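Order of appearance sets the numbers: ligands from 1, and atoms from 1 within every ligand. Model, not experiment: these values are computed from the prediction.
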Amino acid sequence: MSTKRDYYEVLGLQKNSSQDEIKSQYRKLALKFHPDRNKSPDASEHFKEISEAYAVLSDTEKRKIYDNYGHAGVDGKYSTEDIFQGSKVNFEDIFGSGFESIFENIFGGGGGGFRFGGFDFGFGRERGADLVYDTEITLEDVLRGKKEEIEIPSDIQCSDCKGTGATPGTSMRTCSVCNGHGQVRTSRSSGFSTFVTVQPCNTCRGQGKIIERPCSKCKGSGKQRGKRHFSFEIPAGIETGEYRIKGEGESMSNGVSGDLIVRIKVRPHDKFKRDGADIFYDENISMIDATLGKKLTVPTLEGNEKIDVEAGSQPNTIIKLKGKGVPHQGIRSRGDQYVRLVVNIPKKIDKHQRKLLEELRDNLHQEE
Ligand SMILES: [Zn+2]
Ligand SMILES: [Zn+2]
């Protein structure tokens, strides 16, 4: 159900308003509703609405199309990006050099969005907004993959009117202007030709029906904000980054759904470092164990593993545990774990230990 308001109405202007009036009225409203200043929950929506109205009405060509063909004409000719990009100069006029940053924050660079709670809402009429979901996963999750279950903010049927938009118990009447077709035909003769134009009906906004008493909860839109359940699989081997799930963003009743952008951050591990599919681990051993050799157990992402430290191992010796890394992204094989031997030299020794080491030193000198 289209709920797009008339651009002049949005800015509180008359159809014959001059460019100066449009500009000063927008400036007034923009300062009032800019989300940086106005913290009411509707402010962002409102700011977007007045900005779109201004983008169209401040541009001579777009205004002409709007005046003649209404929203259908503008939406048919321009994407939301076209509307804003093409009108950039008009915004600069209003906001001065600060415009760039406002534009980036509110509308995003490439049709992105602004933040609301944990989610980013994009901007667009014909396409639902992209939603951004942030999640942190562990290295163990990278090994096995992880199922995420989330609630996505979404328009759902209004619980009061069950989606009709009319106050429960009241009726809707068929629009008398278009006889319920939602479209109006006008024919105009010029010489020997007759031109017929079909436009969405302005009276019922193309719905064919007129709600006598709009539902007070949803103000006639038939929708309310709610949540929808969505689950998806984070595949094993994933790296920190942004991933797009097509069509799972904000849904539009008469348009294309936006995308869900999942921003995954792999949390640093307290024991392991990761590089691609390989895992790096430091094992501390004593100078004596490095000299004499030792059987050790070291942790891996899947429990402990036995390794043999050979007698005479040098500091920073690397022992490779084949296939103990995480999966390569997109393929089955796994990386390796590298265990580095960090040899600890005792910082404090007692008299007796000192004597033993001195004896050892003398002994080693004799062998040389
Ligand atoms: Zn309702
Ligand atoms: Zn109508």
Colleague: Using atom types as modelled and distance alone, determine if a side-chain donor or acceptor of N68 lies under 3.5 Å from a backbone N or O of K64.
Modeller: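 It does hold such a pair.
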Colleague: Take the Zn ion (ligand 2) as the vertex and measure to SG of C201 and SG of C175; round to 10°.
Modeller: 110°
Colleague: Are the side chain of E248 and the backbone N or O of I245 linked by a donor-acceptor pair below 3.5 Å?
Modeller: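 No; judged by distance alone, with no hydrogens or angles, the pair does not exist.
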Colleague: At less than 2.8 Å, would any N/O/S atom of H181, backbone or side chain, sit next to the Zn ion (ligand 2)?
Modeller: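 It does not: H181 brings no N, O or S atom closer than 2.8 Å to the Zn ion (ligand 2).
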Colleague: Can you tell me, to 10 degrees, how wide the angle at the Zn ion (ligand 1) is between SG on C158 and SG on C215?
Modeller: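 Angle SG(C158)-the Zn ion (ligand 1)-SG(C215): 110°, rounded to 10°.
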Colleague: Determine whether a donor-acceptor pair (N or O, by modelled atom type, separation under 3.5 Å) exists between the side chain of Q25 and the backbone of L11.
Modeller: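 It does hold such a pair.
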Colleague: Can we say E358 and R354 salt-bridge, meaning some charged N sits less than 4.0 Å from an Asp/Glu carboxylate O?
Modeller: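 Salt bridge flag = yes for R354 with E358.
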Colleague: At the Zn ion (ligand 2), what angle lies between atom SG of C204 and atom SG of C178, rounded to 10 degrees?
Modeller: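 Rounding to the nearest 10 degrees gives 110°.
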